[in-house]
Amino acid sequence: MKRFLILLWTLSVAVASAQPGGDDRPVEVPQLSVPWKESILILGDSTESGRVFYSDFLLIKDKCSPARWHAIGIHKEGNTLYHAVSDTLTGHWNLMPDITSPDSVVRMWAPFAVWSPGGERAYIYYHHGLGIGEMNNSMRVLAANGPALDRWENYDIYPEIPGLPGIRNIAFTGAMPRDACIFFDGNLGKYIMYYADDVPRAVMARVSDDALHWSAPVEVMHTPDPADAYVTPESPFVLYRDGYYYLFVSGFDYARVALYISEDPFCFGDPVVNKVAELNGHAPEIVVEEGVYYIASAHISTSPGLHPGHADLWGTYIQELRWGARPTRKSCPK
């Protein structure tokens, strides 16, 4: 593990191997601006003593005037999602009533929100355990109509699932579909959803015209460096910037986020050979406000290599994400 022991804010950059069709143009690689302990705590307590568990979450801006930011994610209840609102990313966050499901659930987990094509509503996708045989795991959706994002409800558009009468807000099922990241890709003219699943144990992708009806999945990255990332990919986040897709992948080591860069949104190469860098953090969310990139993480371990799920920073933190040029190759193996 010594080669992965990094100073808290140091980004370890590895130059990827040459791949067929690659080039040597410099690309910008993201870096933390400060150690997480020196960043801004926006939700929760900084230590376990607070007994408030904040983990995988989303950030989305509403369409009110003036607009507000919303943070929605996992907390201590497990079968509900917390909901917090702030006028600014780095300001004071007010907790709203929890988001619940009208259906019986085992848990609500790892949400992500995206605006509809017309911007008249937003959708939250989340892992929803049902506890019913093969239907134990599903990607489900709630919708919020209007600009404020204050009320999230079932969105009853999907066919009824056999054996589950009356439950219709299931987009698709899987072994453990979780940790969605969704954005509209102007290159494809479609929405892309990235998420983790356990069969195969990989980061998967689906596409959609309307952010509601999704294609069959394709694998974009299998288990990243399993001996050191605690077996399974977690919390994939994809950012498109200056012609490149940046894939951030967490694992069970809550101190490490692996970074991959590709010009192909559906292939990021080998999880070991093509890893470009590592950041300290867990389940990152990256947003842009007035031209400035911000990265937020929750339930962070500041020391790599500890037991799965260990964290010494229990809250949700945010800081500016900086960019520096590094030579690398971006192409995918053929």
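Atoms considered below: every heavy atom in the structure, side chains included; atoms not considered: hydrogens, waters and symmetry mates.
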- Message: Can you confirm whether Leu247 sits close enough to Pro236 that some side-chain heavy atom of one is under 4.5 Å from a side-chain heavy atom of the other?
- Response: yes
- Check: Ser262 side chain, Cys267 main-chain N or O, donor-acceptor pair, under 3.5 Å: yes
- Message: Strictly by salt bridge (charged side-chain N to carboxylate O under 4.0 Å, His left out), give each pair with a member in residues 179-196 just once, sequence neighbours left out.
- Response: Lys190-Asp209
- Heavy-atom side-chain contact between Val249 and Leu259 under 4.5 Å: no
- Message: Between Gln31 and Leu321 (side chain of the first, backbone of the second, donor and acceptor by atom type, cut-off under 3.5 Å), is there such a pair?
- Response: no
- Item | Check: Trp115 ring centre within less than 6.0 Å of Phe183 ring centre | no
- Just how far is it from atom OG of Ser86 to atom NE2 of His92, taken to the nearest 0.5 Å? 8.0 Å
- Query: Quick one: does Phe57's side chain get under 4.5 Å of Leu81's, heavy atoms only?
  - Reply: no
- Taking a hydrophobic cluster as the set of Ile, Leu, Val, Met, Phe, Trp and Tyr residues connected by side-chain heavy atoms closer than 4.5 Å, whether directly or through intermediates, do Leu41 and Ile300 fall within one such cluster? yes
- Message: My understanding is that only residues two or more places apart in sequence, or in another chain, count here; which of them pass side chain to side chain contact (heavy atoms under 4.5 Å, CB included) with Glu219?
- Response: Pro200, Ala202, Met204, His222
- Query: Should Trp314 and Phe53 count as side-chain neighbours, where that means a heavy-atom distance under 4.5 Å?
  - Reply: yes
- Task: For Asp198, enumerate each residue passing the side chain to side chain contact (heavy atoms under 4.5 Å, CB included) test, keeping only those at least two apart in sequence or located in another chain.
- Result: Ala175, Met176, Arg178, Arg201, Thr232
- Item | With Asp210 via side chain to side chain donor-acceptor pair (under 3.5 Å) - residues at least two apart | Ser208, His213
- Task: Please confirm whether His310 and Tyr254 have ring centers closer than 6.0 angstrom.
- Result: no
- Task: Without swapping roles, check the side chain of Ser116 against the backbone of Ala122 for a donor-acceptor pair under 3.5 Å.
- Result: no
- Task: Could you tell me whether the side chain of Met108 reaches within less than 4.5 Å of the side chain of Ser101, counting heavy atoms only?
- Result: yes
- Query: What pairs with Tyr317 under ring-ring contact (aromatic ring centres under 6.0 Å, His included), at least two apart in sequence or on another chain?
  - Reply: none
- Message: Between His299 and Tyr54, is there a side-chain heavy-atom distance shorter than 4.5 Å?
- Response: no
- Between CH2 on residue Trp36 and OG on residue Ser297, distance to nearest 0.5 Å: 4.0 Å
- Task: Would you check if there is a donor-acceptor pair between the side chains of Trp152 and Tyr123 at a distance under 3.5 Å?
- Result: no
- Task: Any chance you could lay out the side chain to side chain contact (heavy atoms under 4.5 Å, CB included) test for Tyr125 and Leu212, step after step, and finish with the verdict?
- Result: CA-CA 10 Å; Tyr125 285 88; Leu212 285 170; 3.8 Å; yes
- Message: Please evaluate residues Leu279 and Leu32 with respect to the criterion side chain to side chain contact (heavy atoms under 4.5 Å, CB included), reporting the C-alpha separation (whole Å), side-chain torsions for both, the decisive distance (0.1 Å), and the verdict.
- Response: CA-CA 7 Å; Leu279 289 144; Leu32 300 182; 3.7 Å; yes
- Taking only residues two or more places apart in sequence or in another chain, which ones pass ring-ring contact (aromatic ring centres under 6.0 Å, His included) with Tyr294? none
- Report yes if some heavy atom in the side chain of Trp323 is under 4.5 Å from a heavy atom in the side chain of Tyr293; otherwise report no. yes
- Please list, chain by chain and in numerical order, all residues satisfying side chain to side chain donor-acceptor pair (under 3.5 Å) with Glu320, sequence neighbours excluded. none
- Sequence neighbours excluded, the answer for side chain to side chain donor-acceptor pair (under 3.5 Å) partners of Thr80 is His75, Asp98
- Task: Identify whether Ile286 and Ile182 are in the same connected component of the hydrophobic contact network (ILVMFWY, side-chain heavy atoms under 4.5 Å).
- Result: yes
- If you draw the axis of the six-membered ring of Phe172, does the NZ or CZ of Arg206 fall within 45° of it and under 6.0 Å from the ring centre? yes
- Pairs involving residues 54-66, ordered by first then second residue, that meet salt bridge (charged side-chain N to carboxylate O under 4.0 Å, His left out) (sequence neighbours left out): Lys61-Glu289, Asp62-Arg68
- Message: I need the single residue from Tyr240, Phe268, Phe237 that forms a ring-ring contact (aromatic ring centres under 6.0 Å, His included) with Tyr245. Which is it?
- Response: Tyr240
- Task: Verify whether one side chain among Asn145 and Arg121 offers a donor that lies under 3.5 Å from an acceptor in the other.
- Result: yes
- Query: Run the side chain to side chain contact (heavy atoms under 4.5 Å, CB included) check on Phe248 and Val257 step by step: do they pass?
  - Reply: CA-CA 6 Å; Phe248 301 79; Val257 180; 3.7 Å; yes
- Sub-3.5 Å donor-acceptor pair from the side chain of His83 to the main-chain atoms of Pro97, do we have one? no
- Query: Taking only residues two or more places apart in sequence or in another chain, which ones pass ring-ring contact (aromatic ring centres under 6.0 Å, His included) with Tyr194?
  - Reply: none
- Note on the structure: Applying ring-ring contact (aromatic ring centres under 6.0 Å, His included) to Phe184 and not counting sequence neighbours gives Tyr191
- Task: Mind checking side chain to side chain donor-acceptor pair (under 3.5 Å) for Arg322 and listing every partner two or more places apart, or none if nothing turns up?
- Result: none
- Query: Does Leu142 reach the side chain of Asn169, with side-chain heavy atoms less than 4.5 Å apart?
  - Reply: yes
